[in-house]
Amino acid sequence: MIKELPFSFNISMNNMMIYAYPLSIMAANPKLKPWVMENYIIPHTYQPIKDLPTLRMCYMDAYSFSESSNPQSFIHQDNYVQNYVATIDICGFIKHMIDDNKYVIAFSDDYYLPNSSFTMHYLHETLYYGYDDDRDVFKAAGLNPAGAYSNIEHAFDDVRRAFSEGHTCEVHGNIEWARRHRVIVLSVPDYTLDYPYDRRKVINKLGNFCEGKADDVDIFRLNIQNRGKFYFGIDYYTFIADNLTADYGSFRYIHHIHEHISLLHDRLLYLLAVVNKPTSILSTFHNVTKSIGILRLKGIKGMQTSDISSSEKLIRESRSQLYSYIEDLRKCIEDILDEVR
């Protein structure tokens, strides 16, 4: 038997699976595409952050579908903790859920999954959206050996071992956080109507992005008064530039910026098509995207090969360039907003 649920890899994202997975599920549903193109516009993070490598870029919209108790959410979520899943056959559980039209995210040791991108003991999430009984493989989504977000096949036996052996992690160390969420099941309600695209909402969010702010609803949802200083929209980009250090991991966060710009590009294209404007006004945007991609690769390579003095020079140059690219991007989006308002 072969079963495969709808899933799209065309989302311009290959990092932070917690966002990539739900976005891939929603992007595969034509009725929800307008909602997808209305969101993932404003990233944020917050202090206090002691070490930059602990930084996580979050999206305002992630809170719209994470709670199964919310009947209006596009995706309902249920968690199965360690004590429960330890008593069942994980492969049988995954297949049963897929047969019930539910997606399964399982935390397991990627070391035992040959088609993943990790060659060390790394407790990481993998999403399963299909299976092929004739070949004893699951259809999965994750980072492939090249480090790209793509479809992957995992043999049943590999999945079973990776899940049962997932007791150590060379990256995170303490894995109690994962044990509380060893298996996550996502279900999608059956929508009878297309989501109505609201270009005014998109224009407002793009304006907030350029101003580095969020609206009152988002701030309330974040419970902002109980946390440190927040950085929204393009201020998140500046926060990354401010905190660049002579460290490989630091330049990884320029990848977050590059990734988010790719998401913005998709949404700008969609908006321009709706208002019947030419895509030629995105030329500056394309140039900035390319420049930040080059800066990211140059920085990662430099951190791997440079001595201390060379690294410090690279940081100074990269920070200056990134500040310039950020301002070019802000001006580009503001010009686009002038065209579509």
Side-chain angles (χ1 to χ4, degrees), residues 2 4-25 27-28 53 56-57 90-91 94-95 98 103-173 175 178 182-184 247-263 292-305:
I2 299 175
E4 189 170 324
L5 301 178
F7 199 83
S8 172
F9 291 93
N10 186 25
I11 59 169
S12 299
M13 177 181 284
N14 62 2
N15 198 6
M16 295 180 295
M17 301 298 102
I18 189 175
Y19 304 120
Y21 289 152
L23 185 54
S24 285
I25 294 171
R56 294 302 299 265
M57 177 172 71
I90 187 61
C91 291
I94 294 173
K95 290 172 62 178
I98 292 174
Y103 302 80
V104 177
I105 299 174
F107 286 85
S108 57
D109 190 345
D110 273 15
Y111 177 81
Y112 298 108
L113 297 175
N115 292 331
S116 76
S117 64
F118 302 101
T119 57
M120 58 184 169
H121 292 287
Y122 186 21
L123 201 61
H124 199 255
E125 64 262 58
T126 299
L127 182 139
Y128 298 93
Y129 63 90
Y131 64 86
D132 184 341
D133 269 335
D134 296 333
R135 298 167 51 232
D136 288 343
V137 297
F138 282 113
K139 304 285 187 177
L143 300 181
N144 64 24
Y149 180 61
S150 71
N151 59 312
I152 305 171
E153 288 189 346
H154 291 313
F156 291 168
D157 288 343
D158 290 337
V159 171
R160 192 173 286 111
R161 184 179 184 190
F163 189 79
S164 62
E165 297 287 345
H167 301 299
T168 184
C169 183
E170 296 178 32
V171 177
H172 299 106
I175 62 171
R182 285 302 295 273
V183 176
I184 298 172
D247 176 79
Y248 169 88
S250 177
F251 272 88
R252 179 176 178 270
Y253 295 102
I254 298 182
H255 173 73
H256 287 187
I257 293 177
H258 186 263
E259 175 181 272
H260 182 253
I261 289 177
S262 297
L263 292 175
I292 290 180
I294 293 173
L295 179 64
R296 171 196 56 172
L297 296 175
K298 177 183 176 182
I300 290 176
K301 183 177 180 180
M303 289 299 98
Q304 293 173 327
T305 60

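It should be emphasised that the depicted structure is a prediction, and the values quoted were computed from it without experimental measurement.
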**Asked** Which atoms form the tightest heavy-atom contact between S108 and A162, and what is the distance?
**Response** CB-O, 3.4 Å
**Asked** With sequence neighbours left out, what residues match F7 under side-chain contact (heavy atoms from CB on, under 4.5 Å)?
**Response** F9, Y21, S24, I25, Y103, L127, Y129, A141, Y149
**Prompt:** Which value, rounded to the nearest 0.5 Å, describes the distance between N151 atom CG and N115 atom CG?
**Reply:** 10.5 Å
**Asked** Nearest 0.5 Å, what's the CD-CG distance between E125 and L143?
**Response** 9.0 Å
**Item:** L5 to I98 - nearest heavy-atom pair and separation
**Value:** CD2-O, 3.9 Å
**Asked** Can you name the nearest heavy-atom pair linking P145 to P114, along with the distance?
**Response** CG-O, 4.3 Å
**Request:** Return yes when atom CG of N10 has more than 12 non-hydrogen atoms of other residues, nucleotides or ligands closer than 6.0 Å, and no otherwise.
**Result:** no
**Prompt:** Within the distance-only criterion (no hydrogens, no angle test), does the side chain of S116 pair as donor or acceptor with the backbone N or O of D110 below 3.5 angstrom?
**Reply:** yes
**Request:** Find the distance between CD1 (I292) and CD1 (I257) and round it off to the nearest 0.5 Å.
**Result:** 6.0 Å
**Asked** So which heavy atom on L123 is nearest to which on D109, and how close?
**Response** CD1-N, 3.9 Å
**Message:** Can you list everything that forms a side-chain hydrogen bond (donor to acceptor under 3.5 Å, both in side chains) with D157? Sequence neighbours excluded, please.
**Reply:** R160
**Message:** To the nearest 0.5 Å, what is the distance between CD1 on I152 and CG on L113?
**Reply:** 8.5 Å
**Asked** With sequence neighbours left out, what residues match D133 under side-chain contact (heavy atoms from CB on, under 4.5 Å)?
**Response** M1, K95, Y131, F156
**Request:** Please list all pairs passing the salt bridge (charged side-chain N to carboxylate O under 4.0 Å, His left out) test where one or both residues lie in residues 112-123, with sequence neighbours left out.
**Result:** none
**Request:** Check side-chain hydrogen bond (donor to acceptor under 3.5 Å, both in side chains) between S150 and all other residues, then give those that pass, not counting sequence neighbours.
**Result:** N144
**Request:** Using the salt bridge (charged side-chain N to carboxylate O under 4.0 Å, His left out) rule, collect all pairs that involve residues 137-149, keeping only residues at least two apart or in two chains.
**Result:** K139-E153
**Prompt:** For I11 and A20, which heavy atoms make the closest approach, and how far apart are they?
**Reply:** CD1-O, 3.6 Å
**Item:** Partner set under ring-ring contact (aromatic ring centres under 6.0 Å, His included) for Y111, not counting sequence neighbours
**Value:** H121
**Message:** Using 0.5 Å steps for rounding, measure from the CG atom of D132 to the CZ atom of F138.
**Reply:** 11.0 Å
**Message:** Testing the basics here: between V104 and V183, what is the closest heavy-atom pair and its distance to 0.1 Å?
**Reply:** CG1-CG1, 3.8 Å
**Message:** Is the ring pair H124/Y122 parallel, tilted or perpendicular, if the boundaries are 30 and 60 degrees?
**Reply:** tilted
**Request:** Look up atom CG in L263 and atom NE2 in H258, then write down how far apart they are to the nearest 0.5 Å.
**Result:** 11.0 Å
**Request:** With sequence neighbours excluded, tell me which residues meet salt bridge (Lys or Arg N to Asp or Glu O under 4.0 Å) with E4.
**Result:** none
